[in-house]
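Hydrogens, waters and symmetry mates play no part in the numbers below; they use all other heavy atoms, side chains included. Labels below follow one simple rule: chain letters A, B, ... track the order of the sequence lines, proteins then strands, and each chain is numbered from 1.
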There are 2 protein chains.
Amino acid sequence: MRPTVHDIAAEAGVSLATVDRVLNNRPGVRSVTRDKVERAIATLGYVRDVAAANLAKGRSYPLIFILPGGENAFMRGLEAEVRAAMARSPAERTEIALLCVPAFDARALADALAEAHRRRPAGVAVVAVDAPEVTQAVKRLRDDGIVVVTLVSDLPGSARDHFAGVDNIAAGRTAGNLMGRFLRGRKGPVAVVAGSMLVRDHRERLEGFQAVIRDCFRARQILPVVEGQDDAALVEKLVAALLERHPDLAGIYSLGAGNRGLVAALQQAGRAEAVCAIAHELTPHSRAALLSGTIDVLLNQDAGHEIRSAIRVLKAKADGLPVIEAQERIRIDIFLKDNLPNGQA
Amino acid sequence: MRPTVHDIAAEAGVSLATVDRVLNNRPGVRSVTRDKVERAIATLGYVRDVAAANLAKGRSYPLIFILPGGENAFMRGLEAEVRAAMARSPAERTEIALLCVPAFDARALADALAEAHRRRPAGVAVVAVDAPEVTQAVKRLRDDGIVVVTLVSDLPGSARDHFAGVDNIAAGRTAGNLMGRFLRGRKGPVAVVAGSMLVRDHRERLEGFQAVIRDCFRARQILPVVEGQDDAALVEKLVAALLERHPDLAGIYSLGAGNRGLVAALQQAGRAEAVCAIAHELTPHSRAALLSGTIDVLLNQDAGHEIRSAIRVLKAKADGLPVIEAQERIRIDIFLKDNLPNGQA
DNA sequence: GAAGTTTTGATGTACGTAAATCAAAAATTT
DNA sequence: AAATTTTTGATTTACGTACATCAAAACTTC
């Protein structure tokens, strides 16, 4: 049987109350006594029963999620996962609130963070926009002991406790590597369509993609990046223009959202087969495009995993517990039409 | 506040004892009364506090993991993850035992399952060998209410409760798709090296690979599969022979273990660059080979995720609880040298 | 060594559920 | 309607921890 506080009290030759004082570092214990107890804990290998402790404490975890609004299918998928987590709340002792803010708007995001601060939750998860006012708002949360996890797009150099998202430089590199190999022997430049250079994840994907093409596929020209604001209509216009201007375009890397526009433009121009398209995020539309061959590869981050991971980390950090790093690493899914999962999205 | 059994008793106008009888379907409740209670549960949205219930029950989960022995690096990785789970046991209320059996030996595996049966655990996780005596042994476990999860290699048509592993047909198809695209414009046949056709996962990978090459890359010849028994020395001999016999060999798909042999043979023959190699499982050796360019793509299943998933499912099924399917889907990692995770393996 | 302060012990209640016991009430059978 | 069986209620203990209270003991300090 695993040892309990009673066993420790016996082993250390002190009372239960003293063990309790040590465990919850309450005042009024001489350091000699504290040592005795800590030695007993070590020799017996005592681990606090978190479930029992939470039960006794009646602990719950008020959490706030802040996501960009708009029609971005991936973000709406994230939102759906947050709502699924809300439904599980009673079983997980969480109380989750959801805030939506305009996309790519640092000011609005900072305001939302301030609002979150006012509500004094145990933790906040936020899809970050990389801007000083956001960094500062995060710092203020941390200063009040509120755990902050960035989601999807990170805010390095800020005080955030954890990033729940993929390595976007690696994602960009992966896209570059696959694009380079798939186009072996074919001529023509490749284009990059981003959402906005204001968010870190897009900047990092671009950086990784460019680095690999530059270093490993030197002959391949990369056209200047175009920004589609994650908006399908705008993306369609931009891609159509690209296709017209570059009849020899060999590939397109779409590293943001709005892929409906990408697909529409490619099909409109009758270049769906000819142009190698690599895009991000599995949505109903992108899935269909992958299956039809318009999109060749989809890089994806599993929204469900990200949300569940964020919640696990928020709860653990709120309790000052360690997290299993390997378990919380969000992986880059690479989907070809052959390894698409059946379910959702 | 979330409702408790007391609230249900009040709402239903019955006593606590009756609520308890309904909740834990103990006998001695008229169906009218049972209905009243169930309606109260529904209207209040009561969810059992699993933590409190487990605490009260003093529940623990004795589990047995059965893995193949030998030097297979992936299996040793699995074992390491099982040991890591053992270390977490006190916090997770599990009591995990580990049994190792000779690889590809159905008789030995059936015996191990019988031994596991004798120990009467709550659940068993097993890397299956596809044979009738194994299927029967699994059935006997199930008949005694012991949960069975297959790990890595499945046993469909058996009574197992769940499979914790990747879709191996999809994995094979993915390898085929990538191989076909990477070799575009290059001539020459491709070879397949398996471990043994006795295990389902290898058969399925082969099937998927062949199907894609046959359907999408018709011109590409596939050489007859060779079986390396997941043994590096044997694999090296076989691959060396293949390379000698086929100077124009364009690619090799290694769908089993023993990749040290594959890499050695390729490098020995000076064909590391020329031949496109796709292999399975991230190990220190295969990682090095990927980084050096000898291996072009690694398909991987995360051993840590598989073990943790198996444990979650075993516990849930042992309690008759539902599992979050999407969370338990083990994904096929596709690693290029650009998206290798830093950590372990 | 008396007064004061700090440290420790003893004890009880609470969290939400499980499980058991015994008595009381209701339904069923005779 | 009495006897029997089934169903229900009331109450208690337990799980492992948190937290509070009050008294007793051990240290300081003068």
Q: Regarding A/G28, tell me which of base, sugar-phosphate or nothing describes its non-hydrogen contacts under 4.0 Å with the strands shown.
A: base

Q: Can you tell me if B/D154 uses its side chain to pair, donor with acceptor, with the backbone of B/F163 under 3.5 Å?
A: no

Q: Do A/E325 and A/R329 come close enough that some side-chain heavy atom pair is under 4.5 Å?
A: no

Q: Set out, in order, the CA-CA distance, both residues' side-chain angles and the distance that settles salt bridge (charged side-chain N to carboxylate O under 4.0 Å, His left out) for A/D49 and B/R93, then state yes or no.
A: CA-CA 10 Å; A/D49 183 327; B/R93 310 191 100 80; 2.8 Å; yes

Q: Check the pair B/N24 / B/R48 against side-chain hydrogen bond (donor to acceptor under 3.5 Å, both in side chains), numbers first and verdict last.
A: CA-CA 11 Å; B/N24 300 288; B/R48 190 200 299 264; 3.1 Å; yes

Q: Map B/L55 and B/S31 onto DNA chain D by nearest heavy atom, then report which one ends up closer to the 5' terminus.
A: B/S31

Q: Could you tell me how far apart A/D7 (CG) and D/dC15 (C1') are, to the nearest whole angstrom?
A: 13 Å

Q: Tell me the interatomic distance from B/N25, atom CG, to C/dA19, atom P, rounded to whole angstroms.
A: 11 Å

Q: Nearest-Å distance, CZ (B/R59) to P (C/dA19)?
A: 10 Å

Q: Give a yes or no on whether the backbone of B/V47 and the side-chain of B/R2 come within a donor-acceptor separation of less than 3.5 Å.
A: yes

Q: Pick the closest DNA chain C nucleotide for A/V32 and for A/R93 by heavy atoms, then say which residue is nearer the 5' end.
A: A/V32

Q: According to side-chain hydrogen bond (donor to acceptor under 3.5 Å, both in side chains), who are the partners of A/D319, at least two apart in sequence or on a separate chain?
A: A/R59, A/Y61

Q: Tell me whether the OP1 or OP2 atom of C/dA10 has a side-chain N or O from A/S15 closer than 4.0 Å.
A: no

Q: Once each nucleotide of nucleotides 17-27 of chain D is scored for protein heavy atoms under 4.0 Å, what B/S/- sequence comes out, 5' to 3'?
A: BSB-------S

